[in-house]
Amino acid sequence: MASEEAPSKEFVLTLDQSNFAETVAKHDFIVVDFYAPWCGPCKMLAPELEKAASVLSSHDPPVALAKVDANDEKNEELANLRNGGKNIQEYKGPRDAEGIVEYLKKQSGPASAEIKSVDDANALINGNKIIVVGIFPEFSGEKFENFMALAEKLRSDYDFGHTLDAKLLPCGESSVAGPTVRLFKPFDELVVDFEDFDVDAMEKFVEESSVPIVTLFNKDPANRPFVVKFFNSPNAKAMLFMNLSSEVADPFKSKYREVAELYKGKGLSFLMGDIEASQGMFEYFGLKEDQVPLIIIQSNDGQKYIKANLESDQISSWLKEYKEGNVPPYRKSEPIPEVNNEPVKVVVADSLQDMVFNSGKNVLLDFYAPWCGPCKMLAPILDEVAVSLQSDAEIVIAKIDATANDVPEDLFDVKGYPTLYFRSASGNLVEYDGDRTKEDIINFIQKNRDKTIQQQDEGKDEL
């Protein structure tokens with residue numbers, strides 16, 4: 001991918017506030033990298049983008065690549081900007097120079113490729129990914145226009161084609177004259193037809209049809225797009241974890257798929273995860289390897305339900321119990337500490353109710369992460385606050401590791417660390433957003449705490 005230009009020439013355009021709008025407006029299609037100078041993956045991507053930009057600069061038509069220092073903004077990574085910046089789509093292609101070139105050549109061309117021959121069809125439909133093809137008696141009319149609008153809208157996610165002859169396609173009913181939308185996929189029924197050409201209806205069809213009945217989560221990168229779709233789904237999520245290469249895996253796979261087909265379209269998506277690839281999920285959910293085979297369900301309200309040490313013939317009956325509301329929620333929690341005599345008390349998920357909600361006291365609770373720098377800076381300040389107030393039995397300063405314990409999302413909005421909440425003895429809950437100094441925190445507590453009878457009498461005497 002060498003270039004004949006001088007080595008000093010940069011092909012990736014540098015944009016900032018002074019030239020961003022003007023530059024983007026000049027291009028029907030431009031790819032912008034929103035990067036941060038300190039970001040490791042950004043540094044690895046930069047030379048690949050430059051190589052790709054040098055090749056794409058001579059493409060017909062040329063494809064422009066640009067970069068924006070987003071150090072002070074949200075890092076949006078890569079984005080495809082179309083029609084002078086009016087349409088913005090997330091870049092979902094490769095991160096190596098050769099892959100970037102091939103992906104952007106497709107993205108800069110027509111949203112849907114015409115299939116005129118068997119070779120055209122075989123080149124597009126290779127059996128490895130989702131392909132959407134429109135079959136039409138003629139390339140005109142509202143249905144054809146709606147299909148092309150869909151292709152433009154979803155082109156970052158799927159490859160599209162259109163044809164006048166269904167016989168050219170590698171599988172599916174060849175006598176179809178159309179109009180028909182035919183979706184090819186490398187799993188389940190392989191081919192699905194659809195005949196409603198409303199754009200929203202087609203989009204829903206494509207999105208739902210492109211998710212496997214059972215999504216496979218292992219170390220194969222080809223499965224990653226489907227795993228992303230699984231977790232982006234609005235459905236509740238059922239996840240079976242086990243050693244998928246073990247001798248006992250086959251009956252689990254068979255029974256699990258049977259149940260998944262039974263619940264298809266009923267608001268529950270299914271994933272099967274190999275334990276070797278699932279360590280991050282085990283840490284996130286607070287699971288242990290000696291619990292496998294296990295099923296965990298995460299509902300839309302954040303509740304989790306678990307069946308550990310599962311037998312294959314228990315899958316159907318346990319799912320039925322869950323759907324009927326007869327399975328109690330699972331809560332990730334550290335053990336309740338046997339000794340808790342430091343000035344700042346330790347709260348875990350299993351002690352949250354007793355120590356905060358049922359304590360009858362005014363509680364300042366610090367939601368922290370062990371690796372968080374600002375949390376480490378706040379810790380000694382909270383120690384000082386706790387020591388200063390330890391003679392007041394009505395006040396408790398406490399902390400909870402929010403990475404190791406489930407936090408009730410309906411009560412606490414913890415989006416970063418540290419997050420501080422104060423709950424008064426009478427139940428008033430308020431987030432602390434003041435300065436993180438001993439004096440400010442103590443003043444906040446005294447202002448928001450419930451007054452004792454003695455304090456109320458002292459206030460009357462002062463009057």
Side-chain angles (χ1 to χ4, degrees), residues 21 23-34 52 56 59-66 76-94 99-116 120-121 123-126 128-166 168-169 178-185 192-211 225-226 228-229 232:
T23 303
V24 169
K26 292 178 180 177
H27 294 85
D28 287 333
F29 180 65
I30 182 171
V31 180
V32 181
D33 174 25
F34 296 87
L56 291 169
H59 182 255
D60 185 18
V63 178
L65 280 76
E76 296 186 59
E77 297 190 347
L78 286 167
N80 302 334
L81 279 66
R82 301 182 186 277
N83 302 322
K86 294 177 182 177
N87 298 331
I88 301 175
Q89 297 171 327
E90 180 184 353
Y91 175 92
K92 297 180 179 179
I100 292 169
V101 168
E102 292 307 309
Y103 178 80
L104 291 183
K105 282 182 179 179
K106 287 185 177 180
Q107 289 296 307
S108 64
S112 178
E114 183 178 354
I115 298 172
K116 300 178 181 179
D120 288 344
L124 179 65
I125 307 165
N126 55 23
N128 296 324
K129 56 185 178 178
I130 305 293
I131 307 294
V132 186
V133 176
I135 304 168
F136 298 94
E138 57 184 358
F139 295 149
S140 62
E142 182 181 1
K143 292 183 178 181
F144 177 73
E145 291 174 1
N146 284 358
F147 177 81
M148 297 303 285
L150 176 77
E152 186 65 45
K153 184 177 183 180
L154 300 183
R155 64 182 301 165
S156 291
D157 300 284
Y158 307 98
D159 287 346
F160 286 81
H162 54 278
T163 185
L164 298 172
D165 188 355
L168 302 176
L169 305 178
T180 299
V181 178
R182 179 165 293 175
L183 184 141
F184 298 86
K185 53 184 176 177
V192 190
D193 284 357
F194 189 70
E195 296 183 350
D196 185 344
F197 277 80
D198 174 79
V199 174
D200 291 338
M202 285 191 290
E203 182 176 1
K204 182 180 179 183
F205 160 72
V206 171
E207 295 292 355
E208 290 180 350
S209 300
S210 61
V211 177
F226 307 117
V228 172
K229 278 184 168 293
N232 287 340

Are any of the side-chain heavy atoms of [X] and [Y] separated by less than 4.5 Å?
{"X": "Phe160", "Y": "His162", "result": "no"}
{"X": "Val63", "Y": "Lys105", "result": "no"}
{"X": "Leu65", "Y": "Asp33", "result": "no"}
{"X": "Phe194", "Y": "Val206", "result": "no"}
{"X": "Asp159", "Y": "Leu124", "result": "yes"}

Find the distance between [atom1] ([X]) and [atom2] ([Y]) and round it off to the nearest 0.5 Å.
{"X": "Tyr91", "Y": "Leu104", "atom1": "OH", "atom2": "CG", "value": "5.0 Å"}
{"X": "Thr180", "Y": "Glu195", "atom1": "OG1", "atom2": "CD", "value": "4.5 Å"}
{"X": "Ile88", "Y": "Ser156", "atom1": "CD1", "atom2": "OG", "value": "11.5 Å"}

(message) Going by salt bridge (charged side-chain N to carboxylate O under 4.0 Å, His left out), name the pairs with one or both residues in residues 135-147, residues two or more places apart or in two chains.
(response) none
(request) Just jot down the side chain to side chain contact (heavy atoms under 4.5 Å, CB included) partners of Lys26, sequence neighbours excluded, or say none. (result) Glu22
(request) Could you tell me which residues satisfy side chain to side chain contact (heavy atoms under 4.5 Å, CB included) with Ala113, sequence neighbours excluded, listed by chain and number? (result) none
With sequence neighbours left out, write down each residue that passes salt bridge (charged side-chain N to carboxylate O under 4.0 Å, His left out) with [X], or none if nothing qualifies.
{"X": "Glu114", "answer": "none"}
{"X": "Lys116", "answer": "none"}
{"X": "Asp196", "answer": "none"}
{"X": "Glu152", "answer": "Arg82, Arg155"}

Which pair of non-hydrogen atoms, one from [X] and one from [Y], has the smallest distance, and what is that distance?
{"X": "Ala166", "Y": "Ile135", "result": "CB-CD1, 3.9 Å"}
{"X": "Ile100", "Y": "Pro94", "result": "CG1-O, 3.4 Å"}
{"X": "Glu203", "Y": "Leu154", "result": "OE2-CD2, 3.9 Å"}

Side chain to side chain donor-acceptor pair (under 3.5 Å) partners of [X], counting only residues at least two apart:
{"X": "Asn126", "answer": "none"}
{"X": "Asn146", "answer": "none"}
{"X": "Lys204", "answer": "none"}
{"X": "Tyr158", "answer": "Glu207, Ser210, Lys229"}

(request) Look only at the side chain of His27 and the backbone of Phe29, and say whether a donor-acceptor pair between them is shorter than 3.5 Å. (result) no
(message) Between Thr163 and Ile115 (side chain of the first, backbone of the second, donor and acceptor by atom type, cut-off under 3.5 Å), is there such a pair?
(response) yes
(message) Going by the rule ring-ring contact (aromatic ring centres under 6.0 Å, His included), which residues pair with Phe136 if we only count those two or more places apart in sequence or in a different chain?
(response) Phe144, Phe147, Phe197
(request) Apply the test side-chain contact (heavy atoms from CB on, under 4.5 Å) to residues Ile125 and Leu169: give CA-CA distance (whole Å), side-chain angles for both, the deciding distance (0.1 Å), then the verdict. (result) CA-CA 8 Å; Ile125 307 165; Leu169 305 178; 4.1 Å; yes
